[in-house]
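Below: one structure, written as structure tokens.
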Amino acid sequence: MLVGITMITQSKIDLEVLKIIEKIKKRMTTLGHPPITQLTAEQGRFFFQEAIKLYDLRLEAGVKFENQLIKRPHSPAIPIRIYRPICDKGVDLSLPILVYFQGGGWVFGSLDSADDTCSFLAKYGQCIVISVDYRRSPEHKYPAAVHDALDAIYWADQQAASLGGDRQRLALGGESAGGNLAAVAAIQLRNERKISPIAQLLITPVTQYGFETNSYQAGHQLGLSKETMAWFWQQYLEDFSQAEAWQVSPLRVKDASQLPPAIIAVAEQDPLLDDGLMYGDRLRSFGVPVKILRYPTLIHSFIRSIHVVQAAKVACHEIANSLKTQFYGLN
């Protein structure tokens with residue numbers, strides 16, 4: 001059963017969002033951005049980096065970070081970036097840990113592109129954030145990113161004490177394709193019964209392969225379109241038959257019981273709106289606590305616009321506060 005929404009018009013989109021999108025559109029036109037069907041991954045990464053420059057991304061004040069490598073015997077090392085809120089001197093805190101996977105369709109994202117979001121979550125969620133630079137497609141197709149995500153979580157669990165973190169309060173999170181990886185990892189960890197995350201934070205997540213939901217059919221074009229999402233899937237999968245597996249489409253998992261409580265943030269002007277809502281319904285049907293944060297005037301990847309769109313900043317504060325509540329048991 002599809003989640004119903006009304007047909008979208010630009011009049012429902014936040015005016016500050018439209019303003020920044022217009023700037024990006026002009027910049028892409030100047031650079032000669034080709035149609036999505038003609039775009040190579042290398043070109044896409046270039047245009048992505050140029051576009052996000054207009055979002056005024058920056059490290060949040062009151063947060064420090066360091067870069068590390070997770071070394072593995074039989075696979076390439078995984079670059080990570082660890083963010084910590086700067087605490088008062090003399091205060092010895094064991095902080096919760098969020099392992100975070102950036103968005104970008106499994107193709108575009110990087111540690112740098114997630115700096116803004118991760119430092120914000122570290123500061124206002126009062127937690128250590130470990131940002132994971134998982135291998136990207138199409139050079140490394142599925143399941144490389146899933147393997148990297150899981151290995152990063154295993155490492156975070158093992159190294160929690162040395163990081164000043166609390167392994168009993170470890171959460172998974174991500175945006176868009178990164179939300180997909182977080183959801184998939186949560187299921188795998190549940191199956192293994194070795195690590196039990198305290199929460200999963202899924203921001204505008206991809207939860208299935210498919211384009212028939214009402215939010216896809218609404219024709220959204222800003223932030224993400226159906227055509228761009230189809231291109232991402234083409235880069236990610238070796239064969240579209242893989243999309244039937246829950247390791248690709250977590251919405252299709254047969255048993256969603258005993259999964260971590262979920263915070264799911266969705267934007268109504270996003271083709272992935274129904275992906276998030278349907279996944280929340282799926283988890284609830286198995287007794288998993290779910291909190292849906294729904295933003296009527298925002299588009300996909302709104303978390304990058306904290307410093308240029310006031311509504312996005314308000315939304316991100318609500319997301320961070322919800323995560324903090326889950327970590328600290330606040331009312």
Distance from [X] atom [atom1] to [Y] atom [atom2], nearest 0.5 Å?
X    : Y    : atom1 : atom2 : result
R304 : T117 : CZ    : OG1   : 7.0 Å
I264 : I292 : CD1   : CD1   : 4.0 Å
H33  : L39  : NE2   : CG    : 5.0 Å
L59  : C118 : CG    : SG    : 10.0 Å
Q188 : I153 : CD    : CD1   : 10.0 Å

Do [X] and [Y] come within less than 4.5 Å of each other through their side chains, counting heavy atoms only?
X    : Y    : answer
R294 : L277 : yes
R58  : S119 : no
L69  : N67  : no
P271 : M229 : no
Q200 : P260 : yes

[X] side chain vs [Y] backbone, donor-acceptor pair below 3.5 Å:
X    : Y    : value
E66  : Y83  : no
D133 : P79  : no
S301 : G223 : no
Q242 : D239 : yes
R282 : V253 : yes
S225 : T228 : yes

Do you know the tightest heavy-atom contact between [X] and [Y]?
X    : Y    : value
A114 : Y100 : CB-CE2, 4.3 Å
A262 : L283 : CB-CD1, 3.6 Å
Q126 : K123 : NE2-O, 2.8 Å
T297 : V17  : O-CG2, 4.4 Å
H300 : E175 : NE2-OE2, 4.1 Å
P138 : A41  : CD-CB, 3.3 Å

Ion pair check, [X] and [Y], cut-off under 4.0 Å:
X    : Y    : answer
D112 : R81  : yes
E42  : R45  : no
K12  : E268 : no

Report summary line: Residues passing the ring-ring contact (aromatic ring centres under 6.0 Å, His included) test with F302, sequence neighbours excluded, are Y295

Query - Worked check of side-chain contact (heavy atoms from CB on, under 4.5 Å) between L189 and S196 - result: CA-CA 7 Å; L189 294 174; S196 299; over 6 Å; no

Requested in this report: List, by chain and number, the other hydrophobic cluster members for I306, where Ile, Leu, Val, Met, Phe, Trp and Tyr join if side-chain heavy atoms come within less than 4.5 Å, directly or indirectly.
Outcome: F120, Y124

**Report entry** ring pair (Phe, Tyr, Trp, His ring centres under 6.0 Å) partner of F232, chosen from Y142, F108, F211
**Finding:** F108

Query raised in the report: Is the number of heavy atoms from other residues, nucleotides or ligands under 6.0 Å of K141 NZ greater than 12?
Result: yes

Query - Verdict with reasoning, T37 to W231, per side-chain contact (heavy atoms from CB on, under 4.5 Å) - result: CA-CA 7 Å; T37 55; W231 183 86; over 6 Å; no

Query raised in the report: What about I52 and L111, same hydrophobic cluster or not, with Ile/Leu/Val/Met/Phe/Trp/Tyr joined at side-chain heavy-atom distances under 4.5 Å?
Result: no

Query raised in the report: side-chain contact (heavy atoms from CB on, under 4.5 Å) with D166: which residues, sequence neighbours excluded?
Result: S94, Q168, R169

Report task. Just say parallel, tilted or perpendicular for the rings of Y209 and W233, cut-offs at 30° and 60°. Result -> perpendicular

Report task. Indicate whether the side chain of Y216 and that of D275 have a donor and an acceptor atom separated by less than 3.5 Å. Result -> no

